[in-house]
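Read the structure below first, then the notes.
Position 1 is the first residue of the sequence; numbering continues from there.
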Amino acid sequence: MKHMKTVLILEHTEEVFDKLTCDVCGAESHWDENWSSAEPEKTITTVQLEEEESFPNGGQSCQTQFHICPTCFKTKLTDWFASHRQVKPTVSKSVW
C-alpha cells in the first residue's frame, strides 16, 4: 500500500510519498517502491491493472495496484498461482 502524507509547501499543502507497505504482510520498504535493503540494488514487485481509453479530444487511464513485498510475492502469490492453475511465472534475466 502506498502511503501519502500532506505537507505544507510555500503556503499550500501537497500530498507527497511517505512510505510503501506490503498489502499482504504489512512490511515496509526501505526506499520508495524499491524493496531492496542495499542502495545499489533494485527490487520492485507490483501487481497492476492499467486500463486506458483514447478519444479524439483526449483520454483517460485508471491504474489499480497491489504492492507486494518480494517475500510475499515469492511465497504467497507464487504458491497461490501454482495451487490454482499449476502455472509457473515467466522469468526473464539479463546481464550487463
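Side-chain polar atoms of Thr21 and His67 form no donor-acceptor pair below 3.5 angstrom.
Note that OG1 of Thr43 and CD of Glu33 are 13.0 Å apart. Values are rounded to the nearest 0.5 Å. In this structure, Lys74 NZ and Lys76 NZ are separated by 13.5 Å, a value rounded to the nearest 0.5 Å. Rounding to the nearest 0.5 Å gives a distance of 13.5 Å between CE of Met4 and NZ of Lys19.
Nearest heavy-atom pair across Leu20 and Lys2 is CD1-CA, 3.7 Å. Taking both residues in full, the closest heavy atoms of Thr6 and Glu15 are given as OG1-CG, 3.9 Å, listed atom of the first, atom of the second, then distance.
Hydrophobic clustering of Ile, Leu, Val, Met, Phe, Trp and Tyr side chains at less than 4.5 Å, counting indirect connections, unites Val87 with Val47. Trp35 and Phe73 are members of different hydrophobic clusters when ILVMFWY side chains are connected at heavy-atom separations under 4.5 Å. A chain of hydrophobic side-chain contacts below 4.5 Å, direct or via other Ile, Leu, Val, Met, Phe, Trp or Tyr residues, connects Phe66 to Leu77.
In this structure, Phe81 places its CZ atom where only 12 or fewer heavy-atom neighbours from other residues, nucleotides or ligands lie under 6.0 Å away. Other residues, nucleotides and ligands contribute only 12 or fewer heavy atoms inside 6.0 Å of the CE atom of Met1.
Looking only at distances, a side-chain donor or acceptor of Ser83 sits under 3.5 Å from a matching main-chain atom of Trp80. Side-chain atoms of Ser61 do not come within 3.5 Å of backbone N or O of Glu51 as any donor-acceptor pair. Asn34 places no side-chain N or O within donor-acceptor distance of the main-chain N or O of Ile44, the cut-off being under 3.5 Å.
Two residues are said to be in side-chain contact when any heavy atoms from C-beta on lie closer than 4.5 Å; Gln48 and Gln63 meet this criterion. Using a 4.5 Å heavy-atom cutoff, the side chains of Cys69 and Cys25 are in contact.
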Before you tell me yes or no, could you show the steps for Glu52 and Glu50 under side-chain contact (heavy atoms from CB on, under 4.5 Å), namely the whole-Å CA-CA distance, both residues' side-chain angles and the distance that decides it to 0.1 Å? CA-CA 7 Å; Glu52 293 183 359; Glu50 184 171 350; 3.0 Å; yes
